[in-house]
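Structure first, commentary second.
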Amino acid sequence: MTASVHDGNSMPASTADDRDTFLEIRDLETHYTDGSLFGADPPVRAVDGVSLSIRRGETLGLVGESGCGKTTLGRTLVGLESATAGSVVVDGTDVTELSGSDLRAWQRRVGVVFQDPQESLNDRLTVGEIVAEPLGAHDWGTPADREDRVFTLLDQVGLREEHFYRYPHQFSGGQRQRVAIARALALEPEFLILDEPVSALDVSVQARVINLLEELQAELGLTYLFIAHDLSLVRHIADRVTVMYLGNALEVGRTQQVFEDPANPYTRSLLSAIPGSSSPAPDDLDRITLRGTPPNPRYPPEGCPFATRCPAKISPGAHDDLSADALGAIETFRDVLRERTRAEAGLSQRLKRRLGLGSTARSVQAIVDELFADVTLSPAARDVIDRATATADTAPGEALTVLDDEFGSVCDRQSPAEHAVDDTDRTSRCLRHRVDFEDPRSDLS
């Protein structure tokens, strides 16, 4: 992708770091309940205690795997989702507590551009009607004023007057996204939430839309929250970047610093996964393969959110002789037992037992034989595995306790606080940053 966009990396520090704070997010949580029978299931913790700031006039990139909470965070900021806890402070006011006319006043200051313009535009309305919708909803001006405003907006986003009368299906993907941008700008907002705004577009079209966003930001003094999974794109457009995992912000800092010398193990893993010559990862960063999948957000780890997959996880003191393969197999075994413990407590499993219905799940012994077939364990470690296996089918919770007591890490028990990195305003949440542990980058170089 070639786009003549500004590179946040080359911006002098004084122009990015000295900006006033526009929005301050403090311990924000957004949880979902699904109305399950008797409330048996805990809520989905989509955003789980995020704290960060967005500076006036900057572009803050928000990246992470699918399901990490990026979109939910953006929707909570604008009031499309209700915050469960925490605050979002703008000009001294917590906007998560606003309602009625006060909430509408805040929403006038914020515009949203969604991922797929085809889905976000009503095909039954003309482009003129679509762009005028927020103006009518907020009683902006007279009908004639609104029409003039729409023509001005279409010109700003590179569309012509005749497009006013056409329908979305008559446009290309890039043109539809321009319509969506015009609609987001209708009420002259200060802040745009851009949720994967170009991911549904062809590469050449992406470049033109990104250039448009850059031009509008410079012309109108806008502040952007740019949500994306394309790290190469984020490196070009963002002044700072926040890396999210399982509803948590694990690393926040200037884009150049984060991409050239990632401090958090998850950031390093994420960057290393991008193949090809266009990868934004450092040249000396080897490929890091994460085991397993992200945990269920209903049941996040008690300690570090990344603990179940982290390649730099602090090893248990009593078993320092175990290889990485052995520790990985043990962690997978613990995951199996965690899921079985939850299922054991679940309503569906209790009903099955009452009705005399057997389980079709594989025996734990078969799983253990497969997991540890090619893994060398010390006699002491093997004894622990055997003791856990003996009770796992009938009492998975007890078996899990045996493994946790022997192989549990400080990462499983303690949630890491934010640590300043390299004497800058960059922060990273990892226990390895503590003085009594090694820097995580030393294990992953």
Side-chain angles (χ1 to χ4, degrees), residues 22-34 43-54 58-88 90 95-96 103 106-107 109-121 134 173 176-177 180-181 183-184 189 191-201 206 209-210 213 222-234 237-238 240-252 266-267 270 273 293-298 300 305-306:
F22 171 74
L23 179 149
E24 186 78 29
I25 302 170
R26 301 172 182 169
D27 301 316
L28 186 67
E29 298 180 6
T30 305
H31 298 174
Y32 297 117
T33 56
D34 58 6
V44 175
R45 301 167 74 166
V47 178
D48 200 21
V50 170
S51 295
L52 57 91
S53 63
I54 302 177
E58 80 167 347
T59 297
L60 177 69
L62 192 60
V63 302
E65 293 173 274
S66 296
C68 72
K70 305 187 299 293
T71 293
T72 301
L73 176 60
R75 292 174 63 87
T76 304
L77 297 186
V78 74
L80 296 176
E81 303 290 350
S82 298
T84 306
S87 61
V88 177
V90 180
V95 299
T96 67
L103 177 60
W106 161 241
Q107 291 176 336
R109 300 174 63 184
V110 187
V112 184
V113 178
F114 298 101
Q115 178 176 357
D116 189 347
Q118 186 167 351
E119 294 295 326
S120 63
L121 302 180
R176 283 196 293 266
Q177 197 60 297
I181 294 169
R183 180 179 59 184
F191 179 40
L192 284 191
I193 297 172
L194 307 166
D195 189 1
E196 301 274 10
V198 297
S199 62
L201 307 178
Q206 287 182 8
V209 173
I210 291 298
L213 291 170
L222 298 170
T223 301
Y224 288 162
L225 176 66
F226 191 90
I227 302 169
H229 65 270
D230 186 335
L231 298 182
S232 298
L233 179 58
V234 170
I237 194 172
R240 292 188 304 133
V241 63
T242 297
V243 181
M244 284 192 68
Y245 180 82
L246 202 65
N248 293 264
L250 294 190
E251 185 166 357
V252 183
Y266 177 63
T267 308
L270 196 65
T293 58
N296 187 333
R298 292 187 188 276
F306 191 44

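Hydrogens, waters and symmetry mates play no part in the numbers below; they use all other heavy atoms, side chains included.
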State, to 0.1 Å, how close G61 and V234 come at their nearest heavy-atom pair, and which atoms those are.
CA-CG1, 4.2 Å
Do S66 and H229 come within less than 4.5 Å of each other through their side chains, counting heavy atoms only?
no
Just by distance, do the side chain of N248 and the backbone of L250 share a donor-acceptor pair under 3.5 Å?
no
On a heavy-atom basis, the closest approach of A184 and V113 is CB-CG2, 3.7 Å
The criterion is ring-ring contact (aromatic ring centres under 6.0 Å, His included); which residues satisfy it with Y224, sequence neighbours excluded?
none
Do L246 and P295 touch side chain to side chain, with heavy atoms closer than 4.5 Å?
yes
Which residues pass the side-chain contact (heavy atoms from CB on, under 4.5 Å) test with A200, sequence neighbours left out?
none
For P189 and R109, the nearest pair of non-hydrogen atoms, with its separation, is CB-O, 3.4 Å
V241 vs E251 side-chain heavy atoms within contact, under 4.5 Å:
no
Any side-chain heavy-atom pair from R240 and S53 closer than 4.5 angstrom?
yes
Taking the side chain from K70 and the backbone from M244, do they hold a donor-acceptor pair closer than 3.5 Å?
no
Between V90 and F22, which heavy-atom pair has the shortest distance, and what is it?
CG1-O, 3.7 Å
Stepwise side chain to side chain contact (heavy atoms under 4.5 Å, CB included) test for Q115 and I227
CA-CA 10 Å; Q115 178 176 357; I227 302 169; over 6 Å; no
To the nearest 0.5 angstrom, please state how far the CG atom of L213 sits from the OG1 atom of T59.
8.5 Å
Please determine, by modelled atom types, if T30 and T72 share a side-chain donor-acceptor pair under 3.5 angstrom.
no
Donor-acceptor contact present, side-chain T96 to main-chain A83, <3.5 Å
no
Pairing residues for D27 by the side-chain contact (heavy atoms from CB on, under 4.5 Å) criterion, not counting sequence neighbours:
S51
Contacts of S82 meeting side-chain contact (heavy atoms from CB on, under 4.5 Å) (sequence neighbours excluded), chain-then-number -> none
Supply the atom-to-atom distance L233 CG to E196 CD, rounded to the nearest 0.5 angstrom.
9.0 Å
Using the side chain to side chain contact (heavy atoms under 4.5 Å, CB included) rule, take D230 and V198 through it: C-alpha gap first, then chi angles, then the decisive distance, then the call.
CA-CA 10 Å; D230 186 335; V198 297; over 6 Å; no
For D195, give me all partners under side-chain hydrogen bond (donor to acceptor under 3.5 Å, both in side chains), at least two apart in sequence or on another chain.
T71
Between OG1 on residue T267 and CG on residue L231, distance to nearest 0.5 Å
9.5 Å
Compare every heavy atom of A249 with every heavy atom of V50, then report the nearest pair and how far apart it is.
CG2-N, 4.1 Å
Short side-chain to backbone donor-acceptor contact, Q206 and L201, under 3.5 Å
yes
Working to the nearest 0.5 Å, report the span between CG of L73 and CG of D48.
12.0 Å
Within a strict 4.5 Å, meaning less than it, do heavy atoms of the V47 and E29 side chains meet?
no
Residues at least two apart in sequence or cross-chain that pass salt bridge (charged side-chain N to carboxylate O under 4.0 Å, His left out) with E81, listed by chain then number, are R75
Between OG1 on residue T223 and CG on residue L23, distance to nearest 0.5 Å
9.0 Å
Taken to the nearest 0.5 Å, the spacing of L28 CG from L77 CG works out to 7.0 Å
Verify, without hydrogens or angle tests, whether Q177 (side chain) and F114 (backbone) share a donor-acceptor contact under 3.5 angstrom.
yes
Should the ring pair F306 and Y245 be called parallel, tilted or perpendicular, given that the plane angle runs from 0 to 90° and is split at 30 and 60?
perpendicular
